[in-house]
Amino acid sequence: MRPTDLAREHGISTQAVRNYERDGCLPAAERTPSGYRVYTEVHAAALRAYMSLIAAHGHAAAGRIMRAVNTGRLDEALTAIDEGHRQSLRDRATLDAVRAAVDHLVAQGDAVPARTGDRAPRTIGGLARRLEVTPATLRNWEAAGILAPAREPVTGYRVFRADDIRDAELAHLLRRGGYPLEHIAAVVRRVRAAGDTEALAAALEDWQRKLTARGVAMLTAAADLDRYLRLHTPAG
C-alpha cells in the first residue's frame, strides 16, 4: 500500500501520513530499494485506530496512546484511555449537577439577571453587605473561579460591576441550595457564555449531545484499537 492509499480513506494528505509515522503514531514502514515507503494492512489498521482515538480522546492523548502501543507499553496506553473515560464520567456528573442547578434557578425565577435597579459598581464590602455575606466568602468564591472582579488601577481594590453582581447573586442562591463551589463555578461559567438561563438550557442540551457523541467515539476507538492490536506485534 502507498501513502495515498492510506490517506484517501481518511481525507488527509499523504504528508500527514508520513508525519504520523515520523511521530510514532504509526509503526515504521519498510522501504523499497529506491526508498519508497511500503505500507501494509497493519499500517492501515494503525491509522484507523489513531484517527478514531483523535475523535474520542483528542490529538494529544491519541498520540500518547499510539506511541505507547507501538513501543510495547500497552499498560501506559490503557492508562491514557482510562484517563479519558474518567474525564468523561466527571463531565457527565458536572452536566447533571449544572442541569439540576439550572432547574433550581428557573424555579426560583428571581436570581438572573441581578435584581433590577442599583447596578452601580460595588466594592467587596458593599457587595458583601448587599448579599449579607462576609467579604471572606466573596474572596473564597473568587478563588473558586466563581467571581472575577476587575481591580481598581491605583489602589488594586476589587471592583464588582453589573455582571459580577449577577454572578455573585447567582452563586449566593445556589450556595443556599447546597451546591458545592465547583458546581457553582461551572454554572456561572455557562451563564456568562450563554447570557441567561434559557440560553444556558439550550447550551446544556448541546453539551449533552457532545458527550454522547464522544461516548460513541470511544466505543469506535476501542474497536479499532483492538483490531490493530490483534494485527500488530509491538516492538521491544
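Please read these numbers as outputs of a predicted model, since none were measured by experiment. Position 1 is the first residue of the sequence; numbering continues from there.
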(message) Once rounded to the nearest 0.5 Å, what's the spacing between atom CG of L138 and atom CZ of F160?
(response) 5.5 Å

(message) If we ignore hydrogens and angles and just use 3.5 Å, is the side chain of R214 paired with the main-chain N or O of A56 as donor and acceptor?
(response) yes

(request) Is it possible for you to say whether I146 and V159 belong to one hydrophobic cluster, with membership spreading through side-chain heavy-atom contacts below 4.5 Å? (result) no

(request) List for me each residue that meets side chain to side chain contact (heavy atoms under 4.5 Å, CB included) alongside R209, sequence neighbours excluded, and say none if there are none. (result) E205, D206

(message) Quick check for you: to the nearest 0.5 Å, what is the distance between M218 atom CE and L225 atom CG?
(response) 13.0 Å

(message) So, taking the atom named OG in S13 and the one named CG in N19, what distance separates them when rounded to the nearest 0.5 Å?
(response) 7.0 Å

(request) Let me see the working for E9 and M51 under side-chain contact (heavy atoms from CB on, under 4.5 Å), right down to the final yes or no. (result) CA-CA 11 Å; E9 178 180 346; M51 299 301 288; over 6 Å; no

(message) Main chain of A29, side chain of E21: is a donor-acceptor contact present, judged purely on distance under 3.5 Å?
(response) yes

(message) Check D226 with R230, please: is the shortest side-chain N to carboxylate O separation under 4.0 Å?
(response) yes

(message) Among residues at least two apart in sequence or on other chains, which ones pass side chain to side chain donor-acceptor pair (under 3.5 Å) with E83?
(response) none

(request) For T14, check side chain to side chain contact (heavy atoms under 4.5 Å, CB included) against everything at least two apart and list the hits. (result) P3, T4, A7, R18

(request) Would you mind reporting whether N70 and P27 have side-chain heavy atoms less than 4.5 Å apart? (result) yes

(request) Verify the cluster assignment for Y228 and L219: are they in a single hydrophobic cluster under the rule of side-chain heavy atoms below 4.5 Å apart? (result) no

(request) Could you tell me whether a side-chain N or O of T79 sits under 3.5 Å from a main-chain N or O of D75, the two making a donor and an acceptor? (result) yes

(request) State whether the number of non-hydrogen atoms from other residues, nucleotides or ligands found under 6.0 Å of Q87 atom CD is greater than 12. (result) yes

(request) With sequence neighbours left out, write down each residue that passes side chain to side chain contact (heavy atoms under 4.5 Å, CB included) with N140, or none if nothing qualifies. (result) none

(message) What's the separation between atom CG in L89 and atom CG in L211, rounded to the nearest 0.5 Å?
(response) 10.5 Å

(message) Closer than 3.5 angstrom, by distance alone: can the side chain of R151 be matched with the main-chain N or O of G156 as a donor-acceptor pair?
(response) yes

(request) Taking E41 for its side chain and A44 for its backbone only, find out whether a donor-acceptor pair lies under 3.5 Å. (result) no

(message) Side-chain heavy atoms nearer than 4.5 Å, only ILVMFWY residues, links allowed to pass through others: does that put L74 and I65 together?
(response) yes

(request) Please round to the nearest 0.5 Å and tell me the distance separating atom CG of L147 and atom CG of D164. (result) 7.0 Å

(request) Would you kindly confirm whether V216 and L53 end up in one hydrophobic cluster when ILVMFWY residues are joined by side chain heavy atoms under 4.5 Å apart? (result) no

(message) Taking R2 first and then D5, would you say they form a salt bridge - that is, a charged N and a carboxylate O separated by under 4.0 Å?
(response) yes

(request) State plainly whether the residues E30 and R37 are in salt-bridge range, i.e. N to O under 4.0 Å. (result) no

(message) Tell me every residue that passes side chain to side chain contact (heavy atoms under 4.5 Å, CB included) with R129, counting only those two or more places apart in sequence or in another chain.
(response) none

(message) I want to check something: taking the side chain as every heavy atom from C-beta on, are V38 and M1 in contact at a cut-off of under 4.5 Å?
(response) no

(request) Enter the distance from R175:CZ to I184:CD1 here, rounded to the nearest 0.5 Å. (result) 5.5 Å

(request) Give a yes or no on whether the backbone of A150 and the side-chain of R158 come within a donor-acceptor separation of less than 3.5 Å. (result) no

(message) Can you tell me how the ring of Y39 sits relative to the ring of H43, calling it parallel under 30°, perpendicular over 60° and tilted otherwise?
(response) perpendicular

(request) Dump the intermediate steps for side-chain contact (heavy atoms from CB on, under 4.5 Å) on Y157 and I124, then the final yes or no. (result) CA-CA 8 Å; Y157 292 157; I124 191 169; over 6 Å; no

(request) Determine which pairs satisfy side-chain hydrogen bond (donor to acceptor under 3.5 Å, both in side chains) with at least one residue from residues 50-67, sequence neighbours left out, and list them in order. (result) S52-D224

